[in-house]
Amino acid sequence: MTTQSNKNIVIGISGGIAAYKSAQLVRGLIKRGITVRVCMTPAALQFMTPLTFQALSGHPVHTDLLNPDAEAGMGHIALARWADLVVIAPASADLMARLSMGLANDLLSTLCLATTAPVHLAPAMNHRMWSHLATQANLNTLIQRGVIIHEPEIGQQACGEVGMGRMLAPDDILKQCLKALQPRKQGVLQGKQVLLTAGPTREAIDPVRYISNRSSGKMGYSIARAARDLGAKVTIVSGPVALRAPQKVTVVSVESAAEMHQATLDYAASADIFIATAAVSDFSTEDVFSKKIKKSGDCLTLELKQNADILYDTSHQYPQLFSVGFAAETDNLMVYARDKLQRKKLDMIVANPVGEGKGFDQATNQLEIIWKEGHLSLPEKDKQTLAHELMAIIVEHYNRLNS
Ligand code: CTP
């Protein structure tokens, strides 16, 4: 059993039926030698009594912001300073909305504003409330601010419905808390900046139509997470995707190839490693129609012009960058990939077969990693595992070049 004595955690409890599960979380933390103070919102008091958490934590429970007696013991600022970690489980939709707005209208939200400790949330709510655009927008704001989310699970909910929104099991929250309290190991990419392009681009035809492709952005976002986990400061210049921004990664949203080109060149100036995973549209319309095109006749002819090659321009303008390209091919994989490696002046190219249900918008991928003197195959796996393996290979080659 991992123990973490000398560490202080504030467990915040907001209003939700999952509040009873937090008793197990508090118990688990105490068993591992962690000092726990519990802070309950007024709504949480409707579900559990402070006495339960006082008995489990061995300390009075904090409930009031403006109560002179309570504040005399350990006031909200002292509590905020005291915490090495603040974990809110369950985090209700209402609490997330208040935190995203920066409100300080009860003790728990005030404490979150006042603390410099990492804040973790374990959301729990009805699945429709979880997927509501308002909740998802609040979630994204909190993630961008560095709040760590313990994603809820799919399952039977207390309301009888089935869906995503059930609070993660207390043991799993506990594991993540213990990990967060461990001293950080220096990542191998600490101090380095990794820039990625990801997703498709959209080339407007008229105000309602565009040319695009099937790229989901999953591979690029997975590589971004892997680079972040190695300690790098990561930026994704991303086309339109239905993916949530990875935590602690900057996402610069663009639409067209021209916008992606401009943003990439801007960010490349300070980057060390550049990985082009985007499926950039090779062509855009010569002129974008200002009004919706109406049907006239049996066919429509569009004049297309070739877009600038983002990867080519970036690797030539910034030769000091370690540049990695992707080549999605339906045939002649190795031949086309080697040609792109040389033509685009790359340090490495990652080729993957597409078509016949492979590659685009799939959960798995299979990669051929090619550099000037060699080649390595990574057999079919889920994209996140592949991303970690690929990043390890990129780092090895990057270090060899820069040592
Ligand atoms: N790429 C880019 N800008 C473009 C086209 C491609 O940055 N306008 C990048 C992709 O992100 C990828 C690599 O170049 O990393 C190869 O992309 P791919 O579409 O396979 O190659 P193309 O150069 O477009 O060649 P072709 O379409 O003829 O295969």
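In each ligand, atom 1 is the first atom listed, and ligand 1 is the first ligand listed. In this text, all values refer to a predicted model and were calculated from it rather than measured experimentally.
The closest donor-acceptor contact from the side chain of Gln54 to the backbone of Gly58 lies at 3.5 Å or more, if one exists at all. Within the 3.5 Å criterion, the main-chain N or O of Leu367 finds no donor-acceptor partner in the side chain of Asn352. Checked by atom type and distance alone, the side chain of Glu203 pairs as donor or acceptor with a backbone atom of Ala257 at under 3.5 Å. The backbone N or O of Ser92 sits less than 3.5 Å from a side-chain atom of Ser14, completing a donor-acceptor pair.
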Show me, pair by pair, the donor-acceptor contacts under 3.5 angstrom made by side chains of residues 265-274, not counting sequence neighbours?
from   : atom 1 : to     : atom 2 : distance (Å)
Asp266 : OD1    : Gln262 : NE2    : 3.1
Ser270 : OG     : Tyr267 : O      : 3.4
Asp272 : OD2    : Gln193 : N      : 2.7

Please set out all donor-acceptor pairs under 3.5 angstrom arising from side-chain atoms of residues 330-341, sequence neighbours excluded.
from   : atom 1 : to     : atom 2 : distance (Å)
Asp339 : OD2    : Arg343 : NE     : 3.2
Asp339 : OD2    : Arg343 : NH2    : 3.2
Lys340 : NZ     : Glu329 : OE2    : 2.5

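Protein non-hydrogen atoms do reach within 4.0 Å of atom 25 (O) of ligand 1.
If you look at Ala308 next to ligand 1, the close heavy atoms, those under 4.0 Å, all belong to the backbone.
Across all their heavy atoms, Leu29 and Ile11 have their closest contact at CD1-CD1, 3.6 Å. Scanning both residues, Lys383 and Asn365, for their nearest heavy atoms gives CE-ND2, 3.9 Å. Of all heavy-atom pairs between Met40 and Ala44, the closest is CE-O, 3.8 Å.
Given atom 18 (P) of ligand 1, the protein heavy atom at minimum distance is Lys340 NZ, 3.6 Å. Nearest protein heavy-atom contact of atom 5 (C) of ligand 1 is Asp282 OD1, 3.6 Å. The protein atom (non-hydrogen) at minimum distance from atom 3 (N) of ligand 1 is Ile310 N, 3.0 Å. Considering only non-hydrogen protein atoms, atom 7 (O) of ligand 1 sits nearest to Leu311 N, 2.8 Å. Nearest protein neighbour of atom 2 (C) of ligand 1, counting heavy atoms only, is Asp309 OD1, 3.4 Å. Counting only heavy atoms of the protein, atom 13 (C) of ligand 1 lies nearest to Phe326 O, 3.0 Å.
Ligand 1 places these atoms under 4.0 Å from at least one heavy atom of Ala276: 11 (O), 12 (C), 15 (O).
For ligand 1, the polar-atom distance check against Ala278 finds a nitrogen or oxygen pair separated by under 3.5 Å. Remark: ligand 1 and Lys344 share an N or O pair separated by less than 3.5 Å (distance only, no angle test). The shortest N or O to N or O distance between Val280 and ligand 1 is not under 3.5 Å. Considering both main-chain and side-chain atoms, Ala279 never comes within under 3.5 Å of ligand 1 through any nitrogen or oxygen pair. Remark: ligand 1 and Thr197 share no N or O pair separated by less than 3.5 Å (distance only, no angle test). Ligand 1 has no nitrogen or oxygen under 3.5 angstrom from a nitrogen or oxygen of Gly325.
Leu181 has its side chain out of reach of Arg32: every pair of non-hydrogen atoms, C-beta onward, lies at least 4.5 Å apart.
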